[in-house]
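See structure below.
Everything numeric in this text was worked out from a predicted model, so none of it was measured.
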Amino acid sequence: MPGNFEQVTAQLTALVRAKTGDSGARAHSLESLPGHAGFSYSFILERGAPDAAPAGRFVVRIAPPGVKIAGPADIVRQARVMASLADTPVAVPTIIWYGAEPEFFDRPYFVAGFVDGFKLGESALPAAHLKRLARKGIATMAALHNVPWEPRRGAWGEPFALSEELKRLDYLLDRPTLDPAVVARAPELRERLRSSLPANARIGCVHGDFQWSNVLFNEERVVALIDWEISLVGATLLDLGWICFFSDPASWVGADAGRGSLLDAGEIVDAYAEAAGFPVSAAEVRWFRAFAGYRFGVITCFNLMLHRRGKRDDPLWEQTALSAPRMFEHGLELLG
C-alpha cells in the first residue's frame, strides 16, 4: 500500500508498463492532491517513444488501506461512473485505466487524465465573470440530470429512494454519544421531512456532492466535475438542494454566515430551471433544501463526535458544529 512518493512512483511505473506494453515507460514528478476518499496524486507518464500515447500528465487515485471497498472507498465504481459519462455533455476527467489487481497497489485504483482548471472560490476573476461561470456550472448540473440513467445502471446501480437515505442518516443520528446541544432540533426536522417526502420526485443521475469545490472551470466553461464518491441514481433535486444549502447564509452562524456566495439560492434555482428544460416545483425545492441542511447537520454531529472521542482528528468540525442547530432550524423554516 502507498507509503511514500518513491514507492508509489515505482508502483505506477510497473502499472503503466503493464498497461502499455512499453518497457521504456515510466512515471515521475509525483504530486499529492487533496481528497478524503483515498490517496490521490498527479504524475507525468513518459513513454519510451516520443510520439507514443497515452503520455503526459495524469491523476491516480488509490483506495485507502484498512477500509471496506464500498461507498466513497469504491474507487473502481467512481471510475465506471465517470467513464459512463464520456459521451455526454457532462465534462468529466477521461478515465484511462482502473482495476484492483493486487500486484500494483494491493488496493483498487483508477488513472484519469489531468484536468487543468480552477475552482471559482480560488479565482480572482471579476465578480460578474464568476457569476456567469457559476450559472454555467448549474447548467452542467441540469445536463447531468438529463442524462438517461437506465443505460448506465451497470455503472451507477439501481435507484436509491429518499426514504433509504433518511434511514442511513438515522444510523448516524440515533447515537447517545452525540452532543445534544448540537443535535438540537434535528429529530423534529427528521419527522417533518419523513412526513412530507416528495411523492413523484424526478429520478436521474445525481452527483451527490455538487458544490463549487467540485467543479473545475477554464476562463469560459466547465472543464470537469470531480469527486464522484457518493454519486447515485436518485432524486435529481438532491444536487440542487445541496448547492442551495451551501449558498444560503441563513443556514450558518458566525464567520460561516459571512462566507458569501457566487449565486444566492434563488438565482441558483432560476438558473437550473432555465437550463433543465423540465418543470421545477418550488415546494419540492424547499424540501430538498431542508433535507440538505438536515443531511449536512447530521454528518456534522457525527463527525464532531468522532473528533471529540479521538477516533478521527479534525478540529474544523468544532467550527462547523456552531452552525448545526441553525441548519436544523432553517430546515424547519423552509418546510413552513
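Cation-pi geometry between R175 and Y171 is met: under 6.0 angstrom from the ring centre, within 45 degrees of the axis. Remark: R326 is not positioned above the aromatic ring of W252, lacking an NZ or CZ atom under 6.0 angstrom from the ring centre and at most 45 degrees off the axis.
Within a 6.0 Å sphere centred on CZ of F278, heavy atoms belonging to other residues, nucleotides or ligands number more than 12.
Ion pairing of E274 with R135 is absent here, as no side-chain N (NZ or NE/NH1/NH2) approaches a carboxylate O to less than 4.0 Å. Here D174 does not pair with K167 in a salt bridge; the nearest charged N to carboxylate O distance is not below 4.0 Å. Electrostatic pairing of R152 and D87 counts as a salt bridge here, judged by a charged N lying under 4.0 Å from a carboxylate O.
Here D22 pairs with R47 under the salt bridge (charged side-chain N to carboxylate O under 4.0 Å, His left out) rule; sequence neighbours left out. Residues passing the salt bridge (charged side-chain N to carboxylate O under 4.0 Å, His left out) test with D270, sequence neighbours excluded: none. Every residue meeting the ring pair (Phe, Tyr, Trp, His ring centres under 6.0 Å) condition with H207, not counting sequence neighbours, appears here in chain and number order: W228.
Side-chain atoms of R57 and S42 include a donor-acceptor pair closer than 3.5 Å. Defined by atom type and a distance below 3.5 Å, a donor-acceptor pair is present between the side-chain atoms of Y109 and E101. No hydrogens or angles considered: nothing links the side chains of R202 and T236 as a donor-acceptor pair under 3.5 Å. There is no side-chain donor-acceptor pair under 3.5 Å between N218 and E220.
Of all non-hydrogen atoms in V269 and C244, the two that sit nearest each other are CG2-SG, 3.8 Å.
In this structure, R77 contributes its side chain and W156 its backbone to a donor-acceptor pair below 3.5 Å.
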